Protein chains: 2
Amino acid sequence: MSASQQKHDVFHAIADPTRREILKLLSEKELAISEITSHFPISRTAISKHLRILTEAELVSGRKVGREKIYWLHPEPLKELKHWLAFYEKF
Amino acid sequence: MSASQQKHDVFHAIADPTRREILKLLSEKELAISEITSHFPISRTAISKHLRILTEAELVSGRKVGREKIYWLHPEPLKELKHWLAFYEKF
DNA sequence: TTAATATAAAACCATTTGGTTTCGTTTTTT
DNA sequence: AAAAAACGAAACCAAATGGTTTTATATTAA
């Protein structure tokens, strides 16, 4: 692994099905952590950890609003995935 | 997780950088395990485990030829990834 | 026939992963 | 002012991950 690589890349971030579901939810509208959690059978803390990994991959961003933290989708890094995939289109 | 999901899906298979490099090598030509191993600083056993995960995701196939096992690329499952990605193109 | 090559399988190990519970802080509601 | 809501951080845990070494087996080469 090269040193320039960030800790959690896009490939790793989307490997988990829960994280992919979070991305899908956020594609509709921005949501607070508790709202995201209400869609899953796991704890808010677990969702928070997934959000941290998605944030490190720069697939989501979050801002504090009052006592809530609102997350929204940031799909640009998926371009890396698209580019990687394009190489295999010729086969 | 749905019950219909196989143990190692494409998303998981491509999450590891070594496995992505193996796919790239196999995109040029089919290779025996030892030939693949010669491109990496890790053991043949470790490469074999990666090949098993890639096989479960149906991204590669292997056949025994004499004492060698030859692996080749099987890119069809990447279509699932492409389809998943397409959803996010609109953003 | 003996040695070397290519692999498989198993046991083992440290670290990461994906989850939990608990506790504390800030903000809003009553 | 007190209670409730939303969150962060820390400690903890079992299982998975990505690697190793060792041992055994089949095939090819000398």
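By convention in this document, chain letters (A, B, ...) are assigned in the order of the sequence lines, proteins followed by strands, and residues within each chain are numbered from 1. Fair warning: this is a prediction, and the values are worked out from it, not measured in the lab.
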Open item on the list: Across nucleotides 13-18 of chain C, 5' to 3', mark each nucleotide with B, S or - according to how protein heavy atoms within less than 4.0 Å reach it.
Closed with: ----SS

Open item on the list: Can you tell me which residue among B:Asp9, B:Leu59, B:Leu54 is in a side-chain contact (heavy atoms from CB on, under 4.5 Å) with B:Pro77?
Closed with: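 Exactly one pass, corresponding to B:Leu59.
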
Task: Contacts of type side chain to side chain donor-acceptor pair (under 3.5 Å), residue A:Glu89, not counting sequence neighbours - done: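 Partners of A:Glu89 by the side chain to side chain donor-acceptor pair (under 3.5 Å) criterion, ordered by chain and then number, come out as B:Lys82.
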
Open item on the list: So, using side chain to side chain donor-acceptor pair (under 3.5 Å) as the criterion, who are the partners of B:Glu76 when residues are at least two apart?
Closed with: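 For B:Glu76, no residue satisfies side chain to side chain donor-acceptor pair (under 3.5 Å) once neighbours in sequence are set aside.
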
Side-chain donor-acceptor pairs of residues 43-53 of chain B under 3.5 Å, sequence neighbours excluded:
from, atom 1, to, atom 2, distance (Å)
B:Ser43, OG, B:Ala46, N, 3.1
B:His50, ND1, B:Arg19, NH1, 3.1
B:Arg52, NH1, B:Glu56, OE2, 2.8

TODO: Just call it for A:Thr45: base, sugar-phosphate, or nothing, with non-hydrogen atoms closer than 4.0 Å on any strand.
DONE: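 Since a base atom lies under 4.0 Å of A:Thr45, the category is base.
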
N/O to N/O distances under 3.5 Å, protein versus nucleotides 23-30 of chain D:
from, atom 1, to, atom 2, distance (Å)
D:dT27, O2, B:Arg67, NH1, 3.4

Taking [atom1] from [X] and [atom2] from [N], how many angstroms apart are they, rounded to a whole number?
X	N	atom1	atom2	result
A:Ile70	D:dG8	CD1	C1'	16 Å
A:Ile47	C:dT21	CD1	C1'	16 Å
A:Arg52	D:dA10	CZ	C1'	12 Å

Task: Mutual orientation of the aromatic rings belonging to B:His8 and B:His12 [parallel < 30°, tilted 30-60°, perpendicular > 60°] - done: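 Answer is parallel, since the angle falls under 30°.
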
Task: side-chain N/O A:Ser43 vs C:dT20 OP1/OP2, d < 4.0 Å - done: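 Yes.
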
Nearest heavy atoms of [X] and [Y], plus distance in Å:
X	Y	value
A:Arg63	A:Glu30	NH2-OE2, 2.7 Å
A:Leu26	A:Leu73	O-CB, 3.9 Å
A:Ser27	B:Tyr88	CB-CE2, 4.1 Å
B:Phe91	A:Pro75	CB-CG, 3.7 Å

- [ ] Output the residues of residues 25-41 of chain A in contact with DNA chain C, where contact means a heavy atom of the residue under 4.0 Å from an atom of the strand; sort by number or write none.
- [x]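 Contacting residues: none.
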
Task: Heavy-atom check, side chain of B:Leu31 versus side chain of B:Tyr71, under 4.5 Å - done: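 Counting from C-beta outward, B:Leu31 and B:Tyr71 never come under 4.5 Å.
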
Task: Non-hydrogen side-chain atoms of B:Phe11 and A:Asp16 separated by less than 4.5 Å - done: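 B:Phe11 vs A:Asp16: side chains apart.
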
